[in-house]
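Down below is the structure, laid out as structure tokens.
In the text below, chain A, chain B and the rest are named by the order of the sequence lines, each starting its count at 1.
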Amino acid sequence: MSNLTAGRRSASRESLASRTAVMALMLVLMVYFLLPVYFLIVAATKPQGDLAATNGLAFSHFNLFSNLHTLFTRSDGIFLKWALNSVIYAVLGAGVGTLISALCGYALAKFRFRGREFLFSVVLGGVLVPTTALALPLFLLFSSIGLVNTYWAVFLPSIVSPFGVYLARIFASAAVPEELLESARLDGAGEFRTFFSVASRLMAPSLVTIFLFQFVAIWNNFFLPMVMLQKESLFPVTLGLFEWNGQTARAPLLQESVITGSLVSIVPVIIVFVLLQRFWRTGLAAGSLK
Amino acid sequence: MTETETPARRAVAAPEVPRRRRRASGGGPGAGTIAAFLTPFFLPFILFYLVPVGYALWQSFRVVRRTGGQYGTSYTTFGGFHQYGQVLSNTEFWSSIGRIGLFGIVQVPVMLFVALVMALLLDTPLLKIKAFFRISAFMPYAVPGVIAAIMWSYLYSPQLSPVVDLFGHLGLHPNFLGPGAVLWSTANVSTWLWTGYNMLIMYSALQAIPQELYEAAKLDGASNWAIAWRIKVPIIAPSIVLTTVFSIIGTLQLYAEPAVLRQISSNISSTFTPNMLAYAVASGNNYQQAAAISVVIALITFVLSFGFMRLTSKRAGL
């Protein structure tokens, strides 16, 4: 209460000029952040012919539904296939990834055993490994066992998230009290039962955070699928749109589908993002702890 | 020296013994249970992280030889540091490193400075509608790099861009895809994607500082400006170090954004960044050389990340 009034009093002490300057600066920055998305929305509603002929920031003929129809029927509906692939890779990959990260991070936080700190530093080292450096050797390994050009080639490496284990360990030590585990053990509950019925519930908000981080990492991934996949029907949406974008020089009519497809693939994720905002902040706060 | 260490070590070791005994009798998890918790992560971690690292290292020390001239059958054999010698004497490798170095030296500080200023402004009472600013700035993080680059490539393109039109009205004709500008156009895409993410890391750290810390400074008559730079920034220094390390790692891995801009600009070569070079070399079936490039990139990443962390922790006297 007293904090609040103190804050308010100091706010009124600030000069109008500095408040205006700050607001103006932030508004300029917001134009910068929102401009590309606004442009994409406008461009997605236009017929192909208007893209170059009309002002890019002003709406012209409203053609969004026809663009969507073209997008989803092009090449036997391959875009929908790509979108579904992205959902499969990202939702299943992040789901499995969160589960194994939670089990591992929980064990590293709550069980005492020899080599625990060593294992944790190996995981931390994994956070620093550039994942693109892994893609080429993984391609060779997978091609020798015939995994290249399958769902598994993208899915399997995606489930591993050292950062997720790091977060899970921090969250488990903060959210799960030692006494609770002791009493569950005295009641004769097994460790897995304790984890799934007690610990995982206490960790639930942080598990959402871990899921979101991994979901975005997989959803945005481009290099790994590009190295692993040649079959178009297995592409995630990023790789598919990249391929289409490369063909617009020869087939200019593809341009409108690239634009509409980009919009369709970012809007659902942005909405989920805004709705689940608070989970990001807990994760990022924990991630920056030393 | 050794005499002073022994009692200290004993003092640390002494309480360990009864604690461990108490755990064992209290029914802590056995080795099998612990392994069951760890294996689901560590098995794929070993298979898809450690094994590829080891495989890349092994491959980087191999060379392809042919029996009996150009048309003989090829086989690989141990080649020592041959591949590394090739990488280090490759001018394309050095120009890609130089390009990405210049990119990093400019883009990372600019991005982190903007992120820091935004975080500090969001943390003051000066600003209204904070949630809107926070969400809008963070939103690009949800956009895949490929799609961000596609969006910006339309804003760079001379035929379609409303931005180029706007400059045209002012009598200016910038070429965002020209030989000198295209590196900075790529840097802009990265800045757009990651500023909000870094801002949110710093902002979360600022929110964790107890308000009482400022109250004393305010009573002493410190301005908001002084509080921000003298109190807040030093406290969130670990977050700034973290965002810098993440940015260094990201810069060295740059691939998707320049690859997209390459589709509309002839000023981006197939070996524009180290990662693009590695991919181009691998596409030419020279996997041993590509492995050596990957190893060198990873080594540079480690040296820079750890070097930066060491440097900053020394300076802060930690």
Side-chain angles (χ1 to χ4, degrees), chain A residues 3 7 10-11 14 19 22 26 30 33-34 36 39-40 51-52 55-57 100-101 103-104 107 111-113 126 128-130 132-134 136-138 140-141 156-157 159-160 165 185 191 219-220 222-223 238 241-242 245-246 258 262 265-266 269-270 273-274 277 280-281 284-285 288 290, chain B residues 23 27 29 33-34 37-38 40-41 44-45 48-49 52 55-56 118 121 125-127 133 135-137 139-140 142-147 150-152 155 159-162 200-201 204-205 208 211 218 238-239 242 249 252-253 255-256 260 263 275 278 282 287 290-291 294 297-298 301-302 305:
Chain A
N3 266 353
S10 79
E14 298 299 335
R19 250 185 291 172
V22 164
M26 285 305 260
M30 288 313 115
F33 287 119
L34 297 176
F39 169 80
L40 197 69
L51 281 181
N55 181 351
L57 297 179
I100 64 178
S101 296
L103 283 168
C104 184
F111 301 159
R112 266 155 206 81
F113 54 92
L128 292 181
V129 171
T132 49
L134 301 173
L136 291 172
L138 264 177
L140 293 179
L141 289 168
L156 287 175
I159 62 172
V160 185
V165 174
R185 274 172 204 153
E191 292 298 330
W219 184 268
N220 292 358
F222 171 68
F223 197 66
T238 45
L241 286 173
F242 177 78
N245 197 47
V258 170
S262 296
S265 51
I266 64 173
V269 188
I270 290 178
F273 243 65
V274 173
Q277 246 238 100
W280 292 106
R281 281 173 53 201
L284 291 167
S288 61
K290 233 193 163 175
Chain B
R23 292 231 164 263
T33 314
I34 294 174
F37 271 87
L38 296 177
F41 174 79
F45 180 71
F48 309 127
Y49 257 73
Y55 187 60
M118 285 176 69
L121 289 179
L126 285 171
L127 206 61
F133 287 130
I135 294 170
S136 316
M139 175 271 303
V143 178
V146 171
I147 293 178
I150 290 176
M151 282 154 68
W152 277 102
L155 294 174
Q159 292 87 35
L160 294 174
S161 169
L200 213 59
I201 292 182
S204 308
Q211 289 292 318
K218 269 182 195 154
S239 307
L242 184 90
I249 298 174
L252 282 157
Q253 293 194 75
Y255 184 91
V260 170
Q263 293 176 327
N275 224 339
Y287 296 118
S294 296
I297 299 173
T301 312
F302 273 118
S305 318

Self-check item: Contacting region of Phe242(A) [heavy-atom separation from chain B under 4.5 Å]
Solution: both
Practice problem: Check whether Phe45(B) gets within reach of chain A through its side chain, its backbone, both or neither, counting any heavy atom under 4.5 Å. | Solution: both
Exercise. Name the region of Thr301(B), side chain, backbone, both or neither, that has any atom closer than 4.5 Å to a heavy atom of chain A.
Key: side chain
Exercise. Give, as side chain, backbone, both or neither, the part of Ala282(B) having an atom under 4.5 angstrom from any heavy atom of chain A.
Key: side chain
Self-check item: Which of Ala133(A), Gly246(A), Ser265(A), Cys104(A) touches chain B most, by non-hydrogen pairs under 4.5 Å
Solution: Cys104(A)
Practice problem: Could you have a look at Leu136(A), Leu141(A), Asn55(A) and say which one has the most heavy-atom pairs with chain B under 4.5 angstrom? | Solution: Leu141(A)
Self-check item: Heavy-atom proximity to chain A below 4.5 Å, by part of Phe302(B)
Solution: side chain
Exercise. Heavy atoms only, distances under 4.5 angstrom: which of Thr33(B), Ile297(B), Leu155(B), Leu252(B) has the most pairs with chain A? Name it, please.
Key: Leu155(B)
Quiz prompt | Most chain B-contacting option - heavy-atom pairs closer than 4.5 Å, from Val160(A), Val22(A), Thr238(A) | solution = Val160(A)
Quiz item: In terms of heavy-atom pairs under 4.5 Å with chain B, which of Leu134(A), Val129(A), Val269(A) leads?
Solution: Leu134(A)
Quiz item: Pick from Pro157(A), Pro137(A), Gly56(A): which one has the most heavy-atom pairs with chain B under 4.5 Å?
Solution: Pro137(A)
Quiz item: Contact part of Met26(A) toward chain B, heavy-atom cut-off under 4.5 Å: side chain, backbone, both or neither?
Solution: both
Practice problem: Would you mind reporting whether Phe41(B) and Leu103(A) have side-chain heavy atoms less than 4.5 Å apart? | Solution: no
Quiz item: Checking Leu241(A) against chain B: side chain, backbone, both or neither under 4.5 Å from a heavy atom?
Solution: both
Practice problem: Name the region of Leu51(A), side chain, backbone, both or neither, that has any atom closer than 4.5 Å to a heavy atom of chain B. | Solution: both
Quiz item: Considering only heavy atoms from C-beta outward, does the side chain of Met139(B) approach that of Phe273(A) to under 4.5 Å?
Solution: no
Quiz prompt | Residue pair Phe113(A) / Leu38(B), side-chain heavy-atom distance below 4.5 Å | solution = yes
Practice problem: Tell me, for Ala208(B) versus chain A, whether the close heavy atoms (under 4.5 Å) come from the side chain, the backbone, both or neither. | Solution: neither
Practice problem: Against chain B, label Ile266(A) side chain, backbone, both or neither, depending on which of its atoms sit under 4.5 Å from a heavy atom there. | Solution: side chain
Quiz item: Does any heavy atom of chain A fall under 4.5 Å from the side chain of Pro44(B), the backbone, both, or neither of them?
Solution: both
Self-check item: Side chain to side chain, Gln253(B) and Phe223(A), heavy atoms closer than 4.5 Å
Solution: no
Self-check item: chain B contact via Leu40(A) - side chain, backbone, both or neither, heavy atoms under 4.5 Å
Solution: side chain
